[in-house]
Amino acid sequence: MKARNPLDLTGKICLVTGATRGIGFASSRLFAEQGAQVILVGRDVGKLERNVDDINRAIEGGPLASSLVCDIADDAAVKVLFQTVFKEYKKLDVLLANAGVLEDALLGMVTRSQIERVFAINTFGLLYCAQYASRLMARTGGGSIINVSSIIGSNGNVGQSVYGGSKAAVLGITKSLAKELASSKIRVNAIAPGFIDTAMTQNLPQEKYVERLKSIALGRIGASDDVAHAALFLASDLSTYITGQCIGVDGGMLI
Amino acid sequence: MNNHEKLVNCFTGALGIPSNLVIDTLGYNNIAQWDSVAHMALVTELESAFDVMLDTDEILAMSTVLDTREILVKHGITF
């Protein structure tokens, strides 16, 4: 008898924000490999289409991935996004709220526009998505919301008060929503990536890069797939009794 | 079941009240049973029963049975 694959996402509709690159794309691909119908969301239509093509070429026999363009910082656009999901799919099982921006500045050089931009995407946009996603999930008996926070949100770092604040807020949102949405059988968890090899971290000066690397117990920079694996666990039936938690995917990084 | 009956069922199910209390003037927070938690349960019941998706402004504006019916009418539901 063939054992059931506990990571199987067949029949599930999964929406991934920030899916144009890095963690969002890696997670979208992994979800699709596990049989999910994946909706990739981002701002760059060209990149989204390329990513959807890549996934659909690689996955044979599964449901076709699709994409929707949305700036999640725009609450009106988020409303349209989820109305479209409702019209086309009638349900949602998994939300991976991954879209985010990283902008560093020492406190004295932080501008109001920077604060607004970072919080608009990393925090407010995530809340807008949870608001609509939870309603789609509630009507079909539950689901899993996975919020991408950061090690900077829990530990803080020099020059990252704005980014760290926006990601710390994600942890508070996650724990509050886990309690609020439990009665609707919606699980809400977070992932806190450490130093991950993505476009966000590739612009780091060499000396900073080496310094960060030395702070990682496992001795290597993380890959987007490392984070995607945690996302898959939280999306799957393996985590059906887990809510309100944050999984650090940081290789034992110390900040 | 007609749409009026469906609407009444949504209220009785979400608020745990008898159907005779579901009248147009029944309002949010007018009775103990219609609190914020029940309100969100009501939203889920309505969305499932009428196959619609309400937006946040509509959820906040849904403060009486009459308001609720009028919002559903905007979504093409007839009573």
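Order of the sequence lines sets the chain letters (A, B, ...), proteins ahead of strands, with each chain counted from 1.
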Inset, instruction - Go through the atoms of B/Leu54 and report whether side chain, backbone, both or neither lie under 4.5 Å from a heavy atom of chain A. - result: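 B/Leu54 touches chain A through backbone and side-chain heavy atoms alike.
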
Legend entry - Interface moiety of B/Val37 toward chain A, non-hydrogen atoms closer than 4.5 Å: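 B/Val37 has no heavy atom closer than 4.5 Å to chain A.
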
Inset, instruction - State the CD-CG distance between A/Gln83 and B/Asp55, to the nearest 0.5 angstrom. - result: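 Atom-to-atom, A/Gln83:CD and B/Asp55:CG are 6.5 Å apart.
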
Inset, instruction - Could you please state which residues from residues 120-143 of chain A sit under 4.5 angstrom from chain B, measuring non-hydrogen atom to non-hydrogen atom, sorted by number, or 'none'? - result: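 If one takes a 4.5 Å heavy-atom cut-off, the residues of residues 120-143 of chain A near chain B are A/Gln131, A/Tyr132, A/Arg135, A/Leu136, A/Ala138, A/Arg139.
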
Inset, instruction - Report, by ascending residue number, the residues of residues 67-78 of chain A in heavy-atom contact with chain B at a distance under 4.5 Å; give 'none' if the set is empty. - result: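 Residues in range: none.
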
Inset, instruction - Can you tell which part of A/Lys90 gets under 4.5 Å to a heavy atom of chain B, answering side chain, backbone, both or neither? - result: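 For A/Lys90, side-chain heavy atoms alone lie under 4.5 Å from chain B.
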
Around atom [atom1] of [X], are there more than 12 heavy atoms from other residues, nucleotides or ligands closer than 6.0 Å?
{"X": "B/Lys6", "atom1": "NZ", "result": "yes"}
{"X": "B/His4", "atom1": "NE2", "result": "no"}
{"X": "A/Arg43", "atom1": "CZ", "result": "no"}

